[in-house]
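Numbering of ligands and ligand atoms starts at 1, following listing order. This is a predicted model, so every value here is computed, not measured.
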Amino acid sequence: MKICVLPGDGIGIEITAEAVRVLEALRSDGLKVEMENALLGGCAVDATGEPYPEETKKLARASDAVLLGAVGGPKWDVLPRPQRPERGLLGIRKDLNLFANLRPAMLYPELANASSLKPEVVSGLDILIVRELTGDIYFGEPRGITTEDGKRVGRNTMIYNEDEIRRIGHVAFKSAQKRNKKVCSVDKMNVLETTQLWRDVMIEVAKEYPDVELSHMLVDNAAMQLVRAPKQFDVMVTGNMFGDILSDEASMLTGSIGMLPSASLDQNNKGMYEPCHGSAPDIAGKGVANPLATILSVAMLLRYSGANEAAAVRVEDAVKKVLAQGLRTGDIWEEGCKRVGTREMGDAVIAAL
Ligand code: IPM
Ligand code: MG
């Protein structure tokens, strides 16, 4: 398997280093992987003037999988939009047609106290958010800020065609078949026509999966239910923007966004794997960031693009073991546990492997 590694900016560099070391440890045990680094985000803007440069594009297209740290930082927020790091991220998602974003939120029993919710509300939590990633208001045209009748007007377009909805629907139902066989589709059909179509198409797709139970929820209610009774959910499927928001919310149920991996897949299981969190400029370079979300993203990489379930489980078990040993980075630390830095956490996972 050929993996394109994009550390990106901020803590992306530190956490990706640990994830790469995990892959190297597996390689010395016989896993066949090749890794090559490239630039994405702010570092790419600094080096080439573009957030998703041609060279990165070539390497990413030629690879079986992409491992990404995080992009962005205040330094680049002043640039024109096309040169911002986030555009690089959206660019690579679109370029590689990574329309299916899987964001699992599961609570490790050891972290029940790290959640801001009561342990009994979150214990045993295991949700999969399936977020559409290449459409919606993120990419819809027309967009921009113009002047009309002497007034500035900001505009974005929320748009989905039925094919885009159908293909993410299939991903959600297939995922549910391997889990608890429930899909909750999240929309805002009481106000937005785009999401009326979303609901209609989900109902059509559901007919092909009689073993899976489909329910619908309006996004405002879904946001509330996630903190009220999150264990009612198995798979949640939703559009790009609602999925962005709900997945951050779900991450906090698990104690820390520093624990959440993600996979972004195309039709053929080529994928990009990244933590759900950002580049955390406030702690960048200090060696304190939690590398577990990125290491767990390696597990997803092995599972989906590598079709190597055994190796995936091995990485996940190593993470569980390290948590059971009481090792914690600052974001998940509690009294009685051992506070460790990024590198030490990586070392512990590799030892547990
Ligand atoms: C995410 C991030 C990105 C998004 C940003 C960095 C563009 O928040 O992956 O959830 O909105 O998709
Ligand atoms: Mg987000």
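Each of the following atoms of ligand 1 lies closer than 4.0 Å to a heavy atom of Arg131: 1 (C), 4 (C), 9 (O), 10 (O), 11 (O), 12 (O). Within the listing of ligand 1, atoms 4 (C), 11 (O), 12 (O) sit less than 4.0 angstrom from a heavy atom of Tyr138.
Counting only heavy atoms from C-beta outward, the side chains of Leu111 and Arg328 approach each other to under 4.5 Å.
Looking at Leu90, Leu89, Asp244, it is Leu89 that brings a heavy atom closest to atom 6 (C) of ligand 1.
When non-hydrogen atoms are compared, ligand 1 lies under 4.0 Å from the side chain of Arg93 (C-beta onward) but not from its backbone.
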### Message
Run Glu132 and Thr134 through side-chain hydrogen bond (donor to acceptor under 3.5 Å, both in side chains) and show every step you take.
### Response
CA-CA 6 Å; Glu132 200 290 329; Thr134 51; 3.2 Å; yes
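With hydrogens left out, the protein atom closest to atom 1 (C) of ligand 1 is Arg103 NH2, 3.4 Å, a heavy atom.
The side chain to side chain contact (heavy atoms under 4.5 Å, CB included) test with Leu292 singles out one residue from Ile15, Val349, Leu327, Leu260, and that residue is Val349.
Considering just the N/O/S atoms of Asp244, the one nearest the Mg ion (ligand 2) carries the name OD1.
A heavy-atom separation below 4.0 Å is not found between Arg84 and ligand 1.
Put simply, the side chain of Thr16 gets close to the backbone of Gly12: a donor and an acceptor are under 3.5 Å apart.
The aromatic rings of Trp198 and Tyr160 sit tilted, their planes meeting at an angle between 30° and 60°.
Arg131 and Asn240 share a donor-acceptor pair across their side chains, judged by distance under 3.5 Å alone.
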